[in-house]
Every structure is written in structure tokens, then in C-alpha cells.
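Take a look at the structure set out below.
Computed over heavy atoms, backbone and side chain alike; hydrogens, waters and symmetry mates excluded. Being a predicted model, the structure only gives us computed values, none of them experimental. Below, chains carry the letters A, B, ... as their sequence lines are ordered, and counting in each starts from 1.
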Protein chains: 2
Amino acid sequence: MAANILVVDDEQSIADLIEVYLKNENYDVFKFYNGRDALQCVENHNIDLAILDIMLPDIDGFSICQQIREKYNFPVIMLTAKEEEIDKITGLTLGADDYITKPFRPLELIARVKAQLRRFTKYNFLEPKQDEHLIAFSGLVLDKDTHECTLNEKNLSLTPTEFSILWVLCSNRGRVVSSEDLFHEVWGDKYFTNNNNTVMVHIRHLREKMHDSAENPKYIKTVWGVGYKIEK
Amino acid sequence: MAANILVVDDEQSIADLIEVYLKNENYDVFKFYNGRDALQCVENHNIDLAILDIMLPDIDGFSICQQIREKYNFPVIMLTAKEEEIDKITGLTLGADDYITKPFRPLELIARVKAQLRRFTKYNFLEPKQDEHLIAFSGLVLDKDTHECTLNEKNLSLTPTEFSILWVLCSNRGRVVSSEDLFHEVWGDKYFTNNNNTVMVHIRHLREKMHDSAENPKYIKTVWGVGYKIEK
DNA sequence: CTCAGAATTAAGATATTCTTAAGAATTTGA
DNA sequence: TCAAATTCTTAAGAATATCTTAATTCTGAG
């Protein structure tokens with residue numbers, strides 16, 4: 001999943017650094033050292049996410065953010081120096097979706113970028129419907145209240161993690177969910193690691209309890225190179 | 001699900017910031033820069049949740065929280081500066097349902113607001129009908145008037161706390177109640193700590209008096225990683 | 001045929017719950 | 001009011017369920 005990311009920082013070394021990290025993750029990077037050029041770029045390219053330093057020579061990141069917000073709808077992450085007054089940071093990040101304090105850890109930057117992109121794309125993720133407590137289709141019933149899952153009236157006695165995974169898969173029925181996305185949905189965005197082997201093992205357990213198999217799946221289907229999916 | 005949210009912070013930029021985020025999620029925001037106006041607002045509007053800065057020019061957030069608690073029953077989230085000593089924070093947020101340290105991440109703020117609203121509406125749901133004084137099913141009878149509990153005509157002579165716990169479990173029969181929710185239902189929202197060991201020990205005593213066991217429960221069933229439940 | 005992605009397996013690590021008991025807090029009754 | 005009885009809370013270790021890791025085998029796409 002490629003994405004166009006705008007990076008604006010007057011400190012060239014930092015902008016370059018960020019560019020390296022992002023390109024390493026196969027993102028397309030549009031890098032600028034001042035606000036004016038950046039704003040022009042936004043006009044001419046389909047930007048999916050912006051990372052803005054607050055301190056810039058011409059227009060500050062705060063203003064850029066506001067101008068972006070007037071016309072566009074992609075997530076904005078602000079870069080702030082750690083020394084800044086807490087209250088000042090809070091004020092300056094007005095309108096942004098997230099902020100990162102310098103110095104930042106590369107993995108954290110990437111994680112936050114991914115989290116924001118995830119938020120703005122795909123899936124029903126952030127809770128399908130507000131008060132959806134029950135998912136039921138073709139013999140499978142998931143009940144969030146009782147935390148029970150039954151298949152053809154038989155209780156599968158899932159563990160909490162298993163239940164969560166199946167819930168995400170079911171609430172995105174017909175759609176492929178990557179193991180990475182599954183991981184972040186179930187474990188949260190706090191982890192920078194992306195251990196899809198863990199997900200895999202849980203999928204295995206799920207299939208076992210559902211008397212399902214990998215080679216001839218009745219429920220959880222493997223989509224090679226993409227993720228897992230439950231048919232609609 | 002719209003909700004009326006009270007926001008109080010003397011720093012206008014921060015209050016405005018919070019307002020933006022909340023309105024973006026379709027909440028109705030009642031914003032004030034001092035405590036006096038805020039308290040008056042509470043009198044005149046059906047507030048569903050309050051976000052209070054601790055430092056305020058006239059009345060501090062801590063006091064506002066206490067005054068709210070005396071007459072109303074909606075969740076309160078406190079805003080604190082990060083530098084504050086942990087112990088001080090714990091003290092100052094006493095009586096609040098949650099707290100957020102500045103600077104906060106927009107997603108986190110929204111997540112916490114949603115969590116509290118969810119929790120609260122769930123509680124209202126948990127609380128059965130106001131004039132329900134008796135619960136009786138399969139040999140078990142709970143009488144709120146006499147505070148007596150009999151199992152197959154035999155009085156179990158429960159302590160007040162034990163009775164409360166069993167009452168909550170019974171009035172939510174078929175649903176898993178987390179130990180955290182149980183704690184707040186029985187002990188009230190005033191405690192910040194959430195010692196589920198206390199709940200656990202009482203559950204143990206309950207099971208003992210009911211001649212029930214953990215490994216093969218007839219009444220109170222443990223749902224791993226989730227909570228306790230009495231079958232419907 | 002080759003190889004990266006996926007599945008399987010089992011054991012080691014972690015987390016949650018249970019049990020027990022002691023001491024603190026509260027209530028009761030003289 | 002004070003002492004005794006009851007009830008509540010805390011703590012620590014044991015038992016058990018769950019999760020993660022790692023090593024190996026298997027499979028499907030090109």
C-alpha cells in the first residue's frame with residue numbers, strides 16, 4: 001500500500017532522515033525545506049499524509065496545517081521540539097491528528113504514520129456501528145456481551161485474543177485483512193513491532209476450533225501475499 | 001450517538017483545540033474558560049461527560065469534580081500537566097473516571113471520551129429497573145429489601161458486599177461482567193484504584209457459600225481475560 | 001524448480017486467576 | 001466506651017490458561 005507523504009522541515013538533515021525511513025517502507029516522499037513550496041506541492045499532488053515541522057522559515061507548520069485543513073482531508077502529523085512548553089505544544093498542534101516530539105525514534109515515526117494512514121483508509125475499523133454487539137451469519141454467532149462464539153450452536157470457547165481476531169475478520173467480511181492490520185486492530189497501535197507470526201498462530205488455533213483447515217478453508221481463507229478473509 | 005460534553009480550561013487555545021476534536025466527532029461541546037460558568041452550565045444542560053483542567057483561575061477542576069459528583073452522575077475526565085508528581089496526579093484526579101496528561105494525542109483524547117461514554121451507558125444498562133427488588137431464578141432468590149439471599153430455601157447469609165456482587169451478576173445474567181465493572185458497580189466510581197483481587201476474593205467467598213467451585217462452576221462462571229458471568 | 005510466504009508444532013515466557021491467611025477496618029453488644 | 005466478633009482488604013505464592021517465539025515443514029506463484 002503505497003502512499004504519498006509530504007515532509008516539511010527546514011532542517012535538511014532531519015527532513016532527509018525522515019525521507020530515508022519512509023522510502024524504506026516504500027512510501028513516495030515529497031520533501032520540502034520551506035512552507036511555500038510544500039503548499040504548492042499539496043495543490044499538485046494527491047498527498048495522503050503530511051509530516052510538518054512547526055518551526056519553518058517562511059510559514060510555520062501550524063499555519064500550513066490550517067491551510068491544508070481548509071481544502072483537504074488527509075491526516076497531518078506535527079513535529080515539535082521536546083523543550084517546548086507543554087501548553088505551547090498542545091496549542092501549536094491544533095488541528096493536527098498526531099504529533100511527534102524531536103528527537104524521535106524511527107520506528108515510532110513509522111508506526112504513527114501507519115496508524116494514521118490506517119485510520120483514514122479501508123475497513124470499518126474504528127468500531128463498525130456504535131452499538132453492534134452481535135455478528136451472526138451462516139451458523140456463526142459472535143456475541144460481544146457474553147464474549148461467546150458459537151458455530152452451529154456449539155460453543156467454540158475462544159480465548160480473548162482469538163475472539164478479537166475473529167471479530168475483526170467477521171466485521172470486515174468479504175474484505176481481505178492483512179496480518180499487519182489485524183495485529184494493530186487487536187493489539188493496538190502501541191506496538192512498533194509487527195509480528196505477523198503471532199497472528200498466524202492464533203489463526204491456526206481459530207481454524208482448529210472451527211474445524212477449519214488452511215488448505216481447504218470453510219471460514220478463514222488465506223489470500224496469498226495479502227492477508228486473511230472471511231467470505232461474505 | 002451524540003452527547004453533550006463540557007470542556008473547562010482557562011487556556012483558551014487548549015479548550016478550543018479540544019472543542020475542534022470533539023465537534024469533529026459530532027459531539028455537542030459546552031466550552032468554558034473558568035469554573036463558575038461551567039458549574040452553572042451543568043445546572044442548565046444535560047451534560048453527558050466533562051473534561052476538566054485541574055488548574056483554573058477561580059475554582060480548581062478537582063473541586064468542580066467534587067461538586068458535580070454531589071448532584072450528578074456523569075463521567076469526568078481530568079486534564080493534568082505531565083510534570084506533576086504521580087502521587088499528586090492520583091490525588092488530584094481522585095473522584096474522576098479518567099485523566100489525560102498534557103500534551104495529549106488527539107486520538108487518545110477521543111478514545112478516552114468514547115470509552116467513558118461507552119462504559120457509562122453500559123452501566124445504565126446494567127442497572128436493572130429502579131423498582132426491582134427481587135431476583136429469582138433456578139432456586140436462587142435475592143431480596144434487595146431484606147438483603148437476604150436463599151439458595152434452595154437455605155439462607156446463604158451473605159455479607160453486604162457479597163450480596164451486592166451477586167446482585168450485579170444476577171441482574172446481568174447471561175452477560176459477562178468484568179471485574180473492573182463489578183468493582184465500580186459495587187464500590188462506586190470514587191475509587192481510582194481498581195484492585196480486582198478484592199473482587200476475586202469476594203467471588204471466592206460467594207462460591208464457597210453457594211457450594212460452587214471455580215473449576216466446575218454451577219453458578220458463577222469465570223470467563224478468562226474478560227470477567228465473571230452467571231448463565232441465563 | 002525455486003523460494004518467499006504460510007502453516008505447524010511445541011516449549012518457554014507471560015498473564016490471569018485461585019487460594020490462603022493475616023491484619024485492618026468496621027460493627028456489635030455489653 | 002471498650003472488647004469481641006464480623007467483615008473487608010491486602011499480599012504472596014501456586015495453579016492454570018494464554019501468548020509468543022523459534023525452528024521446521026509445507027505450499028503456491030512465477
Short side-chain N/O contact from Thr161(A) to OP1 or OP2 of dT18(D), under 4.0 Å: no
Along DNA chain C (nearest heavy atom to each residue), the more 5'-positioned of Arg204(B) and Val226(B): Val226(B)
Asp212(A) CG to dA7(C) P, straight-line distance once rounded to whole Å: 11 Å
Step-by-step side chain to side chain contact (heavy atoms under 4.5 Å, CB included) determination, Met210(A) to Leu156(A): CA-CA 7 Å; Met210(A) 298 171 89; Leu156(A) 295 185; 3.7 Å; yes
Selection from dA7(C), dC18(C), dT7(D) that lies nearest to any side-chain heavy atom of Met200(B): dC18(C)
His202(B) NE2 to dT20(C) P, straight-line distance once rounded to whole Å: 17 Å
Pairwise side-chain contact, Tyr228(A) with Ile203(A), heavy-atom cut-off 4.5 Å (strictly under): yes
Electrostatic pair Arg207(B):Glu162(B) at N-O distance under 4.0 angstrom: no
Euclidean distance, atom CH2 of residue Trp224(A) to atom C1' of dG5(C) [Å, nearest integer]: 4 Å
From dA7(C), dA21(C), dC18(C), nucleotide with atom closest to Val201(B) side chain: dA21(C)
His205(A) NE2 - dT20(D) C1' separation (whole Å): 10 Å
Selected nucleotide, minimal atom distance to Arg207(B) side chain, candidates dT18(D), dC18(C), dA6(C): dC18(C)
Toward the 5' end of DNA chain D, by each residue's nearest nucleotide, Thr198(A) or Lys209(B): Lys209(B)
Interatomic distance where CG belongs to Asn197(B) and P belongs to dT16(C) [whole Å]: 13 Å
Check: Val177(B) main-chain N/O paired with Asp181(B) side-chain donor or acceptor under 3.5 Å: no
Any Tyr228(A) side-chain N or O less than 4.0 Å from OP1/OP2 of dA7(C): yes
Rounded distance in Å - NZ (Lys221(A)) to C1' (dA6(C)): 15 Å
Side-chain donor or acceptor of Asp48(A) paired with backbone N/O of Asn4(A) under 3.5 Å: yes
Integer-rounded Å distance: dT10(D) P and Ile203(B) CD1: 17 Å
Side-chain N,O (Thr159(A)) to OP1/OP2 (dC19(D)) below 4.0 Å: yes
Whole angstrom value for the distance that separates P of dT9(D) from CG of Leu206(B): 13 Å
